[in-house]
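Keep in mind that this is a model prediction, so the values were computed, not measured. Order of the sequence lines sets the chain letters (A, B, ...), proteins ahead of strands, with each chain counted from 1.
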Amino acid sequence: MNRSMKYLVITSIMALGLAGCSGGETAEEIVQPEIVKERQANFKKFGAAFKALKEELALESPSAAAVAPHVANLASLAPEIPTWFPEGTAEGTEALPTIWEQPEEFEQKAMGLSAAAQLLQAAVDTDDAAALGEAFGEAGKACKACHDTFRQKK
Amino acid sequence: MSESRPGGEANSIVLWDLPVRLVHWAWVILLPGLYFSWKTGNMDIHVVLGEVMLALLLFRLLWGFFGSENARFASFIKGPQAVLTYLRGGSKGPSTGHNPLGALSVVAMIALMVLQVALGLFASDTDGLFSGPLDRFVSYDTSLAAAELHESVFNLILIMVALHLAAIIFYRVIRKDDLVRPMITGRKTIQGATQPALAAPARMIICAVVAAALAYWIAQGMHPM
């Protein structure tokens with residue numbers, strides 16, 4: 001191989017090596033308060049619940065009863081959302097400072113999810129797949145309504 | 001990346017057939033399209049482009065077995081020994097088509113794109129609301145992990161693209177060898193080269209139909225027919 005080719009290969013390997021070093025940033029190095037870890041875990045439960053609901057509703061004959069545990073989770077946790085956000089817990093999370101600047105609006109949006117969760121619960125109690133689908137739509141809107149204002153965009 | 005052989009006539013051959021060229025330039029458009037559609041939050045477009053990417057990759061993989069001589073993986077992929085020999089200057093590479101190092105980069109780029117699409121198929125957003133078509137096969141945590149990997153793998157693809165561009169520029173400036181034009185017209189004039197066998201158009205159509213059908217079925221969620 002001639003000299004210029006050797007230089008190209010060596011430079012490329014160095015570039016790759018450098019790029020490899022730049023790896024992903026480590027998640028927040030600060031130690032998070034318990035409430036932050038709890039709420040992040042709870043929101044993840046919501047995410048898993050939505051995934052399960054979405055998949056159940058995509059079936060030929062969705063069964064509202066099949067998603068009962070997820071809905072129960074949602075219904076019991078959603079009303080607590082405003083209590084998960086004490087002052088000063090924004091750092092290193094996706095929570096925007098707007099939460100504490102517009103607390104009434106935040107609480108209102110959070111209650112939107114509670115209301116939708118009630119609808120979901122009713123659909124589960126009456127094993128009504130159609131109602132489940134409708135309630136799921138409402139819940140999705142409720143998530144988005146709050147996130148659009150109060151959660152960091154990607 | 002062809003080497004010229006001493007002696008022999010300089011022949012103008014069709015080096016890259018139409019499918020190879022079409023797929024290549026489609027990738028050039030799709031990659032930024034995929035990135036910017038994600039960046040601007042246009043996930044519906046992102047998904048459609050991803051599905052087109054899936055079809056193209058499936059086609060290219062099929063073409064690598066059934067296409068024109070130079071398009072076939074068997075014709076240009078060599079083992080590590082060949083790469084080392086080439087780097088040490090011990091061989092000049094084939095008379096047409098990729099040298100062993102170029103072949104390695106093709107494999108890397110295609111493999112990364114296949115991985116990226118596969119990850120996208122299983123990925124989901126944290127809300128569990130928006131996801132790839134195959135996420136019903138995996139758990140919530142797995143689909144989140146797929147989404148994160150999907151983001152990281154894109155960086156690897158970028159690195160490969162940068163290397164690819166650097167190589168093209170190197171060949172143009174240092175070796176005085178224009179590699180862009182042949183990728184547009186398909187033709188290259190190479191000393192002592194013979195025309196590689198070209199696949200009949202019918203094969204392109206068959207591979208395209210199979211790839212499109214398979215991609216469609218996957219994109220719809222791989223439900224039993």
Heavy-atom distances under 4.5 Å only: say whether A/K44 touches chain B with side chain, backbone, both or neither.
both
What option among B/N155, B/T126, B/D135, B/D141 has the most heavy-atom pairs under 4.5 Å with chain A?
B/D135
Should we say atom CD of B/E69 is surrounded by more than 12 heavy atoms from elsewhere, each under 6.0 Å from it?
yes
Tell me, with the steps shown, if A/R39 and A/T89 meet side-chain contact (heavy atoms from CB on, under 4.5 Å).
CA-CA 11 Å; A/R39 77 179 182 222; A/T89 58; 3.0 Å; yes
Need one label for B/L144: side chain, backbone, both or neither, based on atoms under 4.5 Å from any heavy atom in chain A.
side chain
Under 4.5 Å heavy-atom distance to chain A, tell me which part of B/S143 shows up: side chain, backbone, both or neither.
side chain
So do B/L56 and B/M113 actually touch side chain to side chain, heavy atoms under 4.5 Å?
no
In this structure, is the centre-to-centre distance between the rings of A/W84 and A/F43 below 6.0 Å?
yes
What pair of heavy atoms forms the shortest contact from A/Q102 to A/T149, and how long is it?
OE1-CG2, 4.4 Å
Is B/S152 in contact with chain A via its backbone, its side chain, both, or neither, using a 4.5 Å heavy-atom distance?
neither
Part of B/D125 lying under 4.5 Å from any heavy atom of chain A
neither
